[in-house]
Amino acid sequence: MSEPVLIWDLQAELGEGPVWDAARGCVWFVDIKGRRLHRYLPATGEKSSWDAPDQIGFALPAEDGSLVCGVRGGLHRFDVEAGDFSLFHPVEVDRPQNRLNDGFVSPDGALWFGSMDDSETQTSGALYRWFRGELERHDDGYGVTNGPCLSPDGRTLYHHDTLAKTVLAFDHADGVLSNRRVFAVTEDGYADGPSMDAEGVLHVGLFNGWGVARFAPTGERIGTIRLPVQTVTKAAFGGADLRDLYCTTAWLGNADKRVEQPTLGGLYHVRVETPGLPQSLIRL
């Protein structure tokens, strides 16, 4: 494993949701509070950014080349060539205090994502699955949602209640969840965004935990990838061999630490031994 390297010192207030776009050879990620969508091309170092209509929790590639973005109030399509956002499916119009936060595409092309109370005071967050125009709520009562992601065999879905520092696991079959249970607790930080490697090791960003926690399929903590900043929000696998780990960070909640940690909010890269899983595309 290589040492972490800062590749974009953009000082995002709440950098989140890195995802590898194999077709374009780039990493997409967001600054939720900054209301910005970002793209980084490792081959050239090119950096691009776009303003979002509101707080943007995730941006994930779809089968037609667009991105599906979780913007406060609903799902938007982002036309990469035009740089335009367009709302196509409102979400939680009955919960105006909420915003969308983190998402995942399963191998069948379904979009899974969570919501949360923007003030982080109410447990009004929920877990959703959107598949070809149909939206279904699968779980409810979260403080801050993060994830989900799936095990390599697709039989276990992991989803976090970040305020409770808890990683939950569900049995998963054909888009149906059951057997909700506690998988792990992150005592040294808040369980933020998850990603999965090819051996079934769950990688969990540690908000205020200085790195990325690694959990075996049994729930045993087997290590931590340390970063030089304390607020790590998510790590995603990318590159041609899926061994490049791209880590988003944030200065939200730690503005007073920015003098001693000036790269809070930057995008980091770590080269790892075990590859991740290929990024699936959303079926529209």
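The neighbour count for E3 CD, taken as heavy atoms of other residues, nucleotides or ligands under 6.0 Å away, does not exceed 12.
Among residue pairs with one or both ends in residues 112-131, those qualifying as salt bridge (Lys or Arg N to Asp or Glu O under 4.0 Å) are K33-D118, R72-D118, R99-D118, D108-R129; sequence neighbours excluded.
Taking Ile, Leu, Val, Met, Phe, Trp and Tyr as members and joining any whose side-chain heavy atoms lie under 4.5 Å apart, directly or through other members, the hydrophobic cluster of M1 also contains L6, V212, I225, L227, V229, V232, F237, L245, W251, L264, Y268, V270, V272.
Residues F88 and W130 place their aromatic rings such that the two centres sit under 6.0 Å apart. Residues F104 and F113 place their aromatic rings such that the two centres sit no closer than 6.0 Å. Taking the six-membered ring for Trp, F85 and W50 have ring centres at least 6.0 Å apart. Taking the six-membered ring for Trp, W112 and H138 have ring centres closer than 6.0 Å. The distance between the ring centers of F29 and W8 falls below 6.0 angstrom.
Atom CG in N101 sits 7.5 Å away from atom CG in L14 (nearest 0.5 Å). The CG atom of L111 lies 11.5 Å from the OG atom of S280; values are rounded to the nearest 0.5 Å. Atom CG of L127 sits about 4.5 Å away from atom NE2 of H159, to the nearest 0.5 Å.
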Stepwise, does the side chain to side chain donor-acceptor pair (under 3.5 Å) test hold for N254 with Q230? CA-CA 9 Å; N254 288 300; Q230 71 186 69; 3.1 Å; yes
Check against side-chain contact (heavy atoms from CB on, under 4.5 Å), V204 and F215: CA-CA 8 Å; V204 179; F215 292 93; 4.0 Å; yes
Run the side-chain contact (heavy atoms from CB on, under 4.5 Å) test on R180 and D139 for me, step by step, so that the C-alpha distance in whole Å, both residues' side-chain angles and the decisive distance to 0.1 Å come before the verdict. CA-CA 9 Å; R180 185 185 198 263; D139 201 22; 2.8 Å; yes
Start with the C-alpha gap between M196 and L150, add the side-chain angles, then the distance that decides, and say whether side-chain contact (heavy atoms from CB on, under 4.5 Å) holds. CA-CA 7 Å; M196 180 64 63; L150 282 174; over 6 Å; no
Could you give me the CA-CA distance, side-chain angles and deciding distance for D31 and H38, then say whether side-chain contact (heavy atoms from CB on, under 4.5 Å) is met? CA-CA 8 Å; D31 180 354; H38 301 290; 3.9 Å; yes
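Under the 3.5 Å distance criterion, the side-chain polar atoms of D21 are left unmatched by any main-chain donor or acceptor of G25. In this structure, T263 contributes its side chain and G266 its backbone to no donor-acceptor pair below 3.5 Å. Between the side chain of H172 and the backbone N or O of G154, at least one donor-acceptor pair lies under 3.5 Å.
Inspection of the T224 and R221 side chains reveals an N or O donor paired with an N or O acceptor under 3.5 Å. D161 and T166 share no donor-acceptor pair across their side chains, judged by distance under 3.5 Å alone. At a cut-off of 3.5 Å, with distance as the only test, no side-chain donor of H203 or S195 sits close to an acceptor on the other residue.
For D192 and K165, the salt-bridge test fails: no basic side-chain N is under 4.0 Å from an acidic carboxylate O. Ion pair D54/R35 flagged as a salt bridge, since at least one NZ, NE, NH1 or NH2 atom sits closer than 4.0 Å to an Asp/Glu carboxylate oxygen. Under the 4.0 Å criterion applied to side-chain N and carboxylate O atoms, R181 and D171 are assigned as salt-bridge partners.
Both L75 and V80 are assigned to one and the same hydrophobic cluster, defined by single-linkage of ILVMFWY side chains at heavy-atom distances under 4.5 Å. Side-chain heavy atoms closer than 4.5 Å link hydrophobic residues (I, L, V, M, F, W, Y) into clusters, and following such links, even through other members, never connects V5 to W210. Hydrophobic clustering (side-chain heavy atoms under 4.5 Å, transitive across Ile, Leu, Val, Met, Phe, Trp, Tyr) keeps W20 apart from L202. Using a 4.5 Å cut-off between side-chain heavy atoms of Ile, Leu, Val, Met, Phe, Trp and Tyr, with links allowed through other members, V30 and F207 fall into the same hydrophobic cluster. Both L100 and L252 belong to a common hydrophobic cluster when Ile, Leu, Val, Met, Phe, Trp and Tyr are linked at side-chain heavy-atom distances under 4.5 angstrom.
In terms of the side-chain hydrogen bond (donor to acceptor under 3.5 Å, both in side chains) criterion, residue partners of R137 (sequence neighbours excluded) are, by chain and number, Y128. Every residue was checked against the side-chain hydrogen bond (donor to acceptor under 3.5 Å, both in side chains) condition with D84, not counting sequence neighbours, and none meets it. Partners of Y190 according to the ring pair (Phe, Tyr, Trp, His ring centres under 6.0 Å) rule, which considers only residues two or more places apart in sequence or in another chain, do not exist here.
Among all heavy-atom pairs drawn from A191 and T186, the shortest one is N-OG1, 3.2 Å. Scanning both residues, S48 and E46, for their nearest heavy atoms gives OG-OE2, 3.6 Å. The two residues R243 and T274 come nearest to each other via the heavy atoms CG-C, 4.3 Å. Between L267 and T248, the shortest heavy-atom contact is CD1-CG2, 4.0 Å. Taking each heavy atom of N98 and S115 in turn, the nearest pair found is ND2-OG, 3.7 Å. Nearest heavy-atom pair, P228 versus Q261, reported as atom, atom and distance to 0.1 Å: O-OE1, 4.3 Å.
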Under 3.5 Å, side-chain donor or acceptor atoms of residues 58-67 against the rest of the protein: list the pairs with distances, not counting sequence neighbours.
from: E63; atom 1: OE2; to: L284; atom 2: N; distance (Å): 2.9
from: D64; atom 1: OD1; to: S66; atom 2: N; distance (Å): 3.0
from: D64; atom 1: OD1; to: S66; atom 2: OG; distance (Å): 2.7
from: D64; atom 1: OD2; to: R77; atom 2: NH2; distance (Å): 2.4
from: S66; atom 1: OG; to: R77; atom 2: NE; distance (Å): 3.0

